[in-house]
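Keep in mind that this is a model prediction, so the values were computed, not measured. Order of appearance sets the numbers: ligands from 1, and atoms from 1 within every ligand.
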Amino acid sequence: MFIRLAVVAFFVFAVAFAQDVPSTLAPTNSTTSVTSTTPSTNTTTPLTTTTTTTTTTTTAPTTTKPAPAPAPVPAPPAPQKVEAGTWNVTNANGTQVFRAHFGLRFTIPYKQTNGSFVNGTVVLPTSALATGSDDSLTLFWPTSNMTSGTNTVVMKFVKSTAVNATKEEFHLSTLTATLIVDPARFPAASSVTPFSFSLKPEVAAAFVHAPVDTSYRCYSEQTFASNATGTVDGYLLFKDVQVQPFITAPATGFGAATTCSLDRGLTSDVVPIAVGCALAGLVIVVIAAYIIGRRRSRQNGYTSV
Ligand SMILES: *[C@@H]1O[C@H](CO)[C@@H](O)[C@H](O)[C@H]1NC(C)=O
Ligand SMILES: *[C@@H]1O[C@H](CO)[C@@H](O)[C@H](O)[C@H]1NC(C)=O
Ligand SMILES: *[C@@H]1O[C@H](CO)[C@@H](O)[C@H](O)[C@H]1NC(C)=O
Ligand SMILES: *[C@@H]1O[C@H](CO)[C@@H](O)[C@H](O)[C@H]1NC(C)=O
Ligand SMILES: *[C@@H]1O[C@H](CO)[C@@H](O)[C@H](O)[C@H]1NC(C)=O
Ligand SMILES: *[C@@H]1O[C@H](CO)[C@@H](O)[C@H](O)[C@H]1NC(C)=O
Ligand SMILES: *[C@@H]1O[C@H](CO)[C@@H](O)[C@H](O)[C@H]1NC(C)=O
Ligand SMILES: CC(=O)N[C@H]1CO[C@H](CO)[C@@H](O)[C@@H]1O
Ligand SMILES: CC(=O)N[C@H]1CO[C@H](CO)[C@@H](O)[C@@H]1O
């Protein structure tokens with residue numbers, strides 16, 4: 001009996017314990033399993049966060065790459081209009097010994113801070129000041145308010161001694177220019193060394209030459225490449241040029257002009273074209289008059305018949 005009771009009691013206890021234990025264990029386990037799953041998921045999430053952090057770290061260098069060139073490099077401003085100025089040089093007596101009238105533009109390739117080569121342009125302002133003597137002209141003007149310095153253009157002339165020349169001639173012997181690297185004209189320039197221009201002597205002599213006591217005149221645009229000794233391979237554009245060095249006679253205007261072949265070319269082109277157009281117009285008028293005349297005479301003929 002005792003054994004039976006004990007067995008029954010044991011059984012009941014066992015059942016009760018079994019019911020208790022599973023009820024306790026099952027939630028614990030399932031919860032544990034769920035919790036373990038949850039941490040794994042959460043661990044995966046931190047991993048993703050780590051990946052995100054890594055991505056962010058990768059993004060940071062990408063952000064650092066544009067950093068060397070953060071501010072976009074501005075392009076040089078458009079070239080200014082070339083306007084001709086007039087400059088006189090007078091001697092101590094107040095007599096004019098040199099007269100000049102021209103427009104000049106420099107085109108200068110320069111390197112920007114982002115490594116690109118672009119063309120900057122500088123136009124000789126009509127307000128430039130002049131000094132010199134009967135054989136030279138120095139023009140100078142200040143930079144914009146973005147920097148300081150003085151731009152200069154120096155032209156020197158010599159009298160030539162051509163063997164066969166009936167008259168003494170002059171020609172341009174040197175033309176040099178020094179231009180400040182003005183941020184207003186050369187934004188984001190990688191160097192501040194001033195640009196130095198120089199025309200080759202043979203180019204200068206071929207450009208301006210005329211008999212003494214006359215002026216050299218060339219209204220057409222002419223472009224010359226710098227240089228023989230300059231620091232840049234730029235271009236100079238001249239227009240509306242008239243110069244007269246070595247003035248001896250006291251007068252106020254330019255002497256008789258020796259014109260360049262370009263200007264003569266313009267004239268010789270314009271005149272034949274104008275004459276041709278006039279002739280063509282005349283021919284058309286004559287033909288029209290003839291046709292109208294014939295029709296009228298036919299009509300008159302039919303009417304009379
Ligand atoms: C664990 O990750 C899962 C899935 O991303 C998410 O739904 C759950 O909220 C996270 N648990 C905690 C405690 O952040
Ligand atoms: C430099 O900047 C200019 C704008 O002035 C732009 O046209 C050029 O493409 C840039 N060059 C480089 C290498 O970024
Ligand atoms: C100035 O005028 C005087 C007298 O006319 C003359 O002797 C002198 O040579 C002149 N000076 C110059 C620089 O032309
Ligand atoms: C600069 O100007 C010259 C002459 O007009 C031209 O040949 C050259 O291609 C230009 N360079 C640039 C970078 O625009
Ligand atoms: C230069 O002058 C312009 C107007 O002429 C002005 O707007 C600009 O602020 C000036 N810059 C400096 C650096 O003075
Ligand atoms: C210069 O003169 C020489 C001799 O008088 C003559 O042979 C030559 O052709 C002339 N040259 C010119 C360009 O007139
Ligand atoms: C230069 O001389 C001419 C003629 O004498 C005069 O019309 C002009 O105003 C002068 N220019 C200057 C800048 O002195
Ligand atoms: C250890 C553990 O996670 N136990 C959990 C068992 O399940 C119950 C009910 O879900 C949770 O409250 C316990 O925290
Ligand atoms: C034609 C000529 O002489 N060009 C030179 C101008 O100056 C630059 C810089 O010194 C030289 O590189 C060019 O050869």
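The number of heavy atoms from other shown groups lying within 6.0 Å of OH (Tyr235) does not exceed 12. Few gaps surround NZ on Lys239; more than 12 heavy atoms of other groups in view lie less than 6.0 Å from it. For Lys111, the NZ atom sits in a loose shell: 12 or fewer heavy atoms of surrounding residues, nucleotides or ligands are nearer than 6.0 Å.
Residue-level proximity to ligand 4 for Tyr235 is carried by the side chain, the only part with a heavy atom below 4.0 angstrom. Residue contacts with ligand 2, taken as heavy atom pairs separated by less than 4.0 Å, involve Ser116 solely via side-chain atoms from C-beta onward. Contacts between Ala188 and ligand 2, counted as non-hydrogen atom pairs separated by less than 4.0 Å, are absent for every part of the residue.
Within the 6.0 Å centre-distance limit, the rings of Phe186 and Phe195 are counted as a close aromatic pair.
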Ligand 5 N/O to protein N/O, distances under 3.5 Å:
from     : atom 1 : to     : atom 2 : distance (Å)
ligand 5 : 2 (O)  : Asn145 : ND2    : 2.3
ligand 5 : 11 (N) : Asn145 : ND2    : 3.1
ligand 5 : 14 (O) : Asn145 : ND2    : 3.3

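Summarising the geometry, atom CG belonging to Leu104 is positioned 5.5 Å from atom CG belonging to Leu236; distances are rounded to the nearest 0.5 Å.
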Item checked: Full working for side-chain hydrogen bond (donor to acceptor under 3.5 Å, both in side chains) between Thr107 and Asn119 -> CA-CA 6 Å; Thr107 301; Asn119 278 338; over 6 Å; no
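Minimum heavy-atom separation, Pro125 to Trp87: O-CZ2, 3.6 Å.
Using a 4.0 Å cut-off to heavy atoms of Ala75, the atoms of ligand 2 that qualify are 5 (O). Atoms of ligand 4 lying under 4.0 Å from at least one heavy atom of Asn119, given by number and element, are 1 (C), 2 (O), 3 (C), 8 (C), 10 (C), 11 (N), 12 (C), 14 (O). For ligand 2 and Pro74, the ligand atoms under 4.0 Å from any heavy atom of the residue are 5 (O). Of all the atoms in ligand 4, the ones that sit under 4.0 Å from a non-hydrogen atom of Phe117 are 13 (C).
The aromatic rings of Phe207 and Phe224 sit tilted, their planes meeting at an angle between 30° and 60°.
Considering Thr86, Asp240, Asn88 in turn, Thr86 is the only one that fulfils the side-chain hydrogen bond (donor to acceptor under 3.5 Å, both in side chains) rule with His101.
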